[in-house]
Amino acid sequence: MSLHEAACASLPALPDLGVIDDGGLIAVAMSGGVDSSVVAGLFARAGHPIAGLTMQLWNQRRLPEISHEGATGRCCSLDDVYDARYVASLLGIPYYVVNFEDRFEQQVVKPFVEDYLHGRTPIPCTLCNNFIKFDQFLEMADSVGARRIATGHYARLNFDSLTGRHQMRSGVDLSKDQTYFLWGLTQDQLSRSLFPLGALEKKQVRGMARELGLPVADKNDSQEICFVPNGDYAAFIEAYFREQGIAPERTRGEIVSTDGQVLGEHEGTHHFTVGQRRGLRVAAGEPLYVIATEPASQRVIVGRQGDLLRAELFAGQVDPIREPRRAQVKIRNKHIAAAATLLPTGDDARVEVRFDEPQRAVTPGQAAVFYDRDLVLGGGWIEMPV
């Protein structure tokens with residue numbers, strides 16, 4: 001018996017891996033991290049036929065003028081590809097690296113830049129899930145003969161026989177729950193997806209990685225956006241424009257108070273996001289926060305913390321809502337879902353959200369995700385206030 005086989009034999013009871021009774025090949029999205037590696041290990045232990053696929057999304061040698069000093073924890077790095085390949089070799093499974101760089105740039109990077117330039121704060125991970133990981137990846141799975149894909153996301157899936165729909169629920173480990181980034185998945189995508197870790201806590205997953213003998217058991221989770229080192233969005237946008245030969249429009253403007261008093265100047269609204277406190281560089285006798293950005297006038301509006309509170313928002317690109325309904329709504333990934341009423345607006349693709357209690361820093365470009373306790377009802381993109 002090999003060391004890997006011995007490790008597999010000592011594992012606790014196998015978690016529910018989903019509906020896999022057809023015995024068909026499953027494509028495991030291997031990012032090189034502990035979560036996807038454990039998913040691959042669990043299927044291998046179960047004796048189920050799998051293939052590992054890694055998506056190459058961004059050439060991190062691009063834009064060399066951006067400082068990468070201290071940039072750690074980014075997903076999809078070259079080291080991640082190496083780790084995924086090594087884990088696949090230990091498990092003895094077929095492994096492929098798939099280049100999605102062009103599609104990623106068109107569907108994720110360019111919308112990211114456009115959103116910032118138009119005063120919105122985008123969520124590239126959600127766009128990547130919608131248009132790459134659960135779209136193009138499924139097509140690639142088809143090409144290797146796999147009808148289903150499995151990922152390391154912390155979310156749970158079930159099928160409601162009464163409605164005939166696949167449902168997504170929050171992961172058991174709420175500190176790792178990723179449903180906020182997955183709300184845009186279609187019924188077809190959900191029907192072909194498996195999330196084996198949704199019923200587990202992170203510490204259990206790391207324990208399984210150790211018992212499986214996986215070298216990534218103690219690897220840190222990815223934190224940063226893969227194409228933005230150190231989280232410096234403005235530096236990325238400016239470097240991207242230079243690379244593309246695009247002359248940026250005028251960006252210099254005024255920083256003003258909520259009553260219109262000019263407090264200072266800035267070098268571009270894309271340096272700011274709602275709720276930001278640091279880096280304002282204005283003299284004031286109290287802490288000030290970014291309340292809104294106005295790219296058209298190049299104004300950044302700042303105010304007190306209380307000015308950040310909003311009792312309502314409008315979200316677009318939603319499933320139709322015919323009548324008012326209650327829900328809990330998250331407006332950021334780490335936001336505690338707040339009680340609210342969803343109201344139809346007369347536009348099937350748009351909904352009004354009225355919170356029971358005002359919420360801090362409602363940010364255009366972020367998602368508003370609707371829940372009924374742990375059940376994901378849907379979501380939409382927060383629009384600019386009128």
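Worth knowing before you read on, the calculation uses all heavy atoms, side chains too, and leaves out hydrogens, waters and symmetry mates. Along the sequence shown, the residues carry numbers beginning at 1. Source: prediction; values computed, not measured.
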* Asked: By salt bridge (Lys or Arg N to Asp or Glu O under 4.0 Å), which residues pair with Asp356, not counting sequence neighbours?
  -> Arg326
* May I ask you to check whether over 12 heavy atoms, not counting those of Ile246, lie within 6.0 Å of atom CD1? => yes
* Structure fact -> Those residues at least two apart in sequence (or on a different chain) that pass salt bridge (Lys or Arg N to Asp or Glu O under 4.0 Å) with Arg85 are none
* Structure fact -> In this structure, CD of Glu101 is separated from CD1 of Ile132 (nearest 0.5 Å) by 11.0 Å
* Go through the structure and list residues passing side-chain hydrogen bond (donor to acceptor under 3.5 Å, both in side chains) with Lys219, not counting sequence neighbours. => Asp80, Asp83
* Asked: Does Tyr289 have any ring pair (Phe, Tyr, Trp, His ring centres under 6.0 Å) partners at least two apart in sequence or in another chain, and if so, which?
  -> none
* To do: Would you mind reporting whether Arg360 and Gln305 have side-chain heavy atoms less than 4.5 Å apart?
  => yes
* Structure fact -> Distance col, row Thr363:OG1 vs Ile331:CD1, nearest 0.5 angstrom, shows 6.5 Å
* To do: Find the distance between CD (Gln298) and CZ (Arg252) and round it off to the nearest 0.5 Å.
  => 11.5 Å
* Asked: Of all residues at least two apart in sequence or in a different chain, which pass the side-chain contact (heavy atoms from CB on, under 4.5 Å) check with Glu139?
  -> Asp135, Gln136
* Asked: Can any side-chain N or O of Lys330 pair as donor or acceptor with the backbone N or O of Asn333 at less than 3.5 Å?
  -> yes
* Asked: Is the closest side-chain heavy-atom distance between Val256 and Leu263 below 4.5 Å?
  -> no
* To do: Output all residues satisfying ring pair (Phe, Tyr, Trp, His ring centres under 6.0 Å) with Tyr116, sequence neighbours left out; order by chain, then residue number.
  => Phe112, Tyr233
* Asked: Testing Gln167, Arg156, Gln328 for side-chain hydrogen bond (donor to acceptor under 3.5 Å, both in side chains) with Asp374, which one passes?
  -> Arg156
* To do: May I ask you to decide if Phe181's main-chain N or O and Asn129's side chain share a donor-acceptor pair within less than 3.5 Å?
  => yes
* To the nearest 0.5 Å, tell me how far Thr151 OG1 sits from Met30 CE. => 12.5 Å
* Under 3.5 Å, is there a donor-acceptor pair linking the side chains of Asp259 and Ser257? -> yes
* To do: Would you check, one step at a time, whether the test salt bridge (charged side-chain N to carboxylate O under 4.0 Å, His left out) holds for Lys176 with Asp221?
  => CA-CA 10 Å; Lys176 294 296 180 182; Asp221 292 339; 2.7 Å; yes
* **Aromatic Phe131 / basic Arg103 pairing, under 6.0 angstrom, 45° off normal** => no
* Structure fact -> Here the gap from Lys133 atom NZ to Leu127 atom CG, rounded to the nearest 0.5 Å, amounts to 12.0 Å
* Asked: Taking the six-membered ring where the residue is Trp, are the ring centres of Phe104 and Phe227 under 6.0 Å apart?
  -> yes
* **Set of residues satisfying ring pair (Phe, Tyr, Trp, His ring centres under 6.0 Å) with respect to Phe159, sequence neighbours excluded** => His166
* Asked: Looking at CD of Gln178 and CG of Asp173, how far apart are the two atoms once the value is rounded to the nearest 0.5 Å?
  -> 10.0 Å
* **Contacts of type ring pair (Phe, Tyr, Trp, His ring centres under 6.0 Å), residue His271, not counting sequence neighbours** => none
* Does CZ in Phe355 sit with more than 12 non-hydrogen atoms of other residues, nucleotides or ligands closer than 6.0 Å? -> yes
* **Mutual orientation of the aromatic rings belonging to Phe134 and Phe195 [parallel < 30°, tilted 30-60°, perpendicular > 60°]** => perpendicular
* Do we see a donor-acceptor contact under 3.5 Å between the side chains of Tyr154 and Ser175? -> no
* Asked: What residues form a side-chain hydrogen bond (donor to acceptor under 3.5 Å, both in side chains) with Thr293, not counting sequence neighbours?
  -> none
* Pro49: side-chain contact (heavy atoms from CB on, under 4.5 Å) partners, not counting sequence neighbours -> Leu25
* To do: Before giving the answer on salt bridge (charged side-chain N to carboxylate O under 4.0 Å, His left out), spell out for Glu105 and Arg62 the whole-Å C-alpha distance, their side-chain angles and the decisive distance to 0.1 Å.
  => CA-CA 12 Å; Glu105 184 164 1; Arg62 288 179 65 175; 2.9 Å; yes
* To do: Taking atom CG of Asp102 as the centre, report whether more than 12 heavy atoms of other residues, nucleotides or ligands fall under 6.0 Å from it.
  => no
* Non-neighbouring partners of Ser297 that pass side-chain hydrogen bond (donor to acceptor under 3.5 Å, both in side chains), sequence neighbours left out -> Glu294
* Treat each ILVMFWY residue as a node, draw an edge where side-chain heavy atoms are under 4.5 Å apart, and state whether Leu288 and Ile255 are in one component. => yes
* Under the side-chain hydrogen bond (donor to acceptor under 3.5 Å, both in side chains) test, residues paired with Gln359 that sit two or more places apart -> His335
